[in-house]
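Whatever order the structure lists ligands and atoms in, that order sets their numbers, starting from 1.
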Amino acid sequence: MTTRRTALGALAGAALLPKAFAADTGAAGESLKEAAKKKGLRFGTAISAGRNQFGDPAYRALVERECGIIVAENEMKWQALEPRRNAPNFAPADAMLAWATDKGIAMRGHNLFWQAEKWLPAWVAKEDFGARPAQGAERLMRKHVKTVCEHFGKRIGSWDVVNEAVDPADGKLRQNALTRALSSSSGAIEQIDLAFRLAHEYAPHAQLVYNDYMRGDTGSSKHRAGVLAMLAELKKRGTPIHALGLQSHIGSWDESADRGKADLLEWRKFLDQVSGMGYDLLITEFDVNDRRLPADIAKRDAGVAAAARDYLDLTLSYPRLSDFLLWGMADNISWLQTWDEAPRTDKLPMRPLPYDAELRAKPLRQAILESIRAMPARQA
Ligand code: XIL
């Protein structure tokens, strides 16, 4: 693996970068999608409807130049597709899919079920499942999966079927209105199993993915263990699930010390176990939280780039991984700017993505490019 010093603590990371690192746009050289394609990897990003992203021609052009695959940041979530019961709203997702298809860009689906109750449509939590709640919940899940999968059909070749089912605090499966209705004891595994079976029934062509945000740090050990236990249980049940989506929101999320290589070692053990069970891997939502890096932009960008290289060199070395998506392309549109769970204490805008607000390439873009160029090629 990499001998480079590890990531976020490593503020001398500036030394890694060419002295005169140009804030070039990346337009002149090889695009990320071209570099990825040479390795049998698809590179892409999440994109969101509205101004600054999908509504902005310059941002769309950047995505078109760099990306071979996109995912809707919010527009295919149940909450977005059916904000009120029986009042579907597919237009924003349809517009993105139509644009992607026109540009020859693939699109993956995120997500059919987001496990934490607060991320389900509010009306689902209040749903009256009737005298036989298990049948009622199954009926509702079937209707949702059927409607969504039939609507998008084969244009979506990969679905995050279940998102974030494992509670990082104790490694147990999260409960919600659907799991409670399906079984009075512990319905979560039944509900997850059912979600995948329904997805397989209505999108038999698709890669079916479980997506979560476990990381390699000590604070994530219960999270990793919980995901492994769930994947093992689903395997035992013969659930049609093909891959684990590694969200990869890396960087600092709490106050615990960065253990650098020790965290990467845990991460490697985890990926070994997941691939050992026969699951494929994807990087689904990569970005770097820079909250513990200094305000100085050159140092911060270098620290972010170094963290990315360490993580990507290891993660992209797994031959079972063939899709790599970022959670946005430019700092100013990152969800981290408004996500108050792990903010910068100095309140400065975060710099978690490969382009700045003016869409100029940053050192992170170079780090991503170098990791892709260094990775072993995938088998066709
Ligand atoms: C986030 C979006 O980026 C935000 O705009 C939205 O307010 C909340 O969801 N894990 C996931 C994504 O699986 O769906 C989340 O996206 C980020 C964390």
(message) For Phe129, is there any backbone N or O sitting under 3.5 Å from a side-chain donor or acceptor partner on Arg139?
(response)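 Absent.
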Examine [X] against ligand 1 and note whether any of their N/O atoms are separated by less than 3.5 Å.
| X | value |
| --- | --- |
| Asn163 | yes |
| Trp327 | yes |
| Glu164 | yes |
| Trp339 | no |

Suppose we measure from [atom] to each protein heavy atom; which comes out shortest, and what is that distance?
| atom | result |
| --- | --- |
| atom 18 (C) of ligand 1 | Glu285 OE1, 3.5 Å |
| atom 9 (O) of ligand 1 | Lys77 NZ, 3.1 Å |
| atom 3 (O) of ligand 1 | Glu73 OE2, 2.5 Å |
| atom 7 (O) of ligand 1 | Asn74 OD1, 4.4 Å |

If you measure from the Lys or Arg side-chain nitrogens to the Asp or Glu carboxylate oxygens, is any gap between [X] and [Y] under 4.0 Å?
| X | Y | answer |
| --- | --- | --- |
| Glu34 | Lys38 | no |
| Arg351 | Asp301 | yes |
| Arg197 | Glu190 | no |
| Arg320 | Asp280 | yes |

For [X], take its heavy atoms, then give the atoms of ligand 1 lying under 4.0 Å from any of them.
| X | value |
| --- | --- |
| Gln247 | 10 (N), 11 (C), 13 (O), 18 (C) |
| His110 | 11 (C), 12 (C), 13 (O), 14 (O) |
| His249 | 18 (C) |
| Trp114 | 9 (O), 14 (O), 15 (C) |

(request) Quick one: name the residues clustered hydrophobically with Ile69, using the 4.5 Å side-chain heavy-atom rule over I, L, V, M, F, W, Y, and just say none if it's on its own. (result)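 Cluster partners of Ile69: Val71, Trp114, Trp119, Trp253, Leu325, Trp327, Trp335, Leu336, Trp339, Met350.
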(message) Strictly by side-chain hydrogen bond (donor to acceptor under 3.5 Å, both in side chains), give each pair with a member in residues 84-109 just once, sequence neighbours left out.
(response)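 Every pair satisfying side-chain hydrogen bond (donor to acceptor under 3.5 Å, both in side chains) with a residue in residues 84-109: Arg85-Glu127, Asn86-Lys143, Asp94-His151, Arg108-Ser158, Arg108-Asp160.
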(message) Check for me whether the distance between the ring centres of Tyr210 and Phe196 falls short of 6.0 Å.
(response)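 So the answer is no for these two rings.
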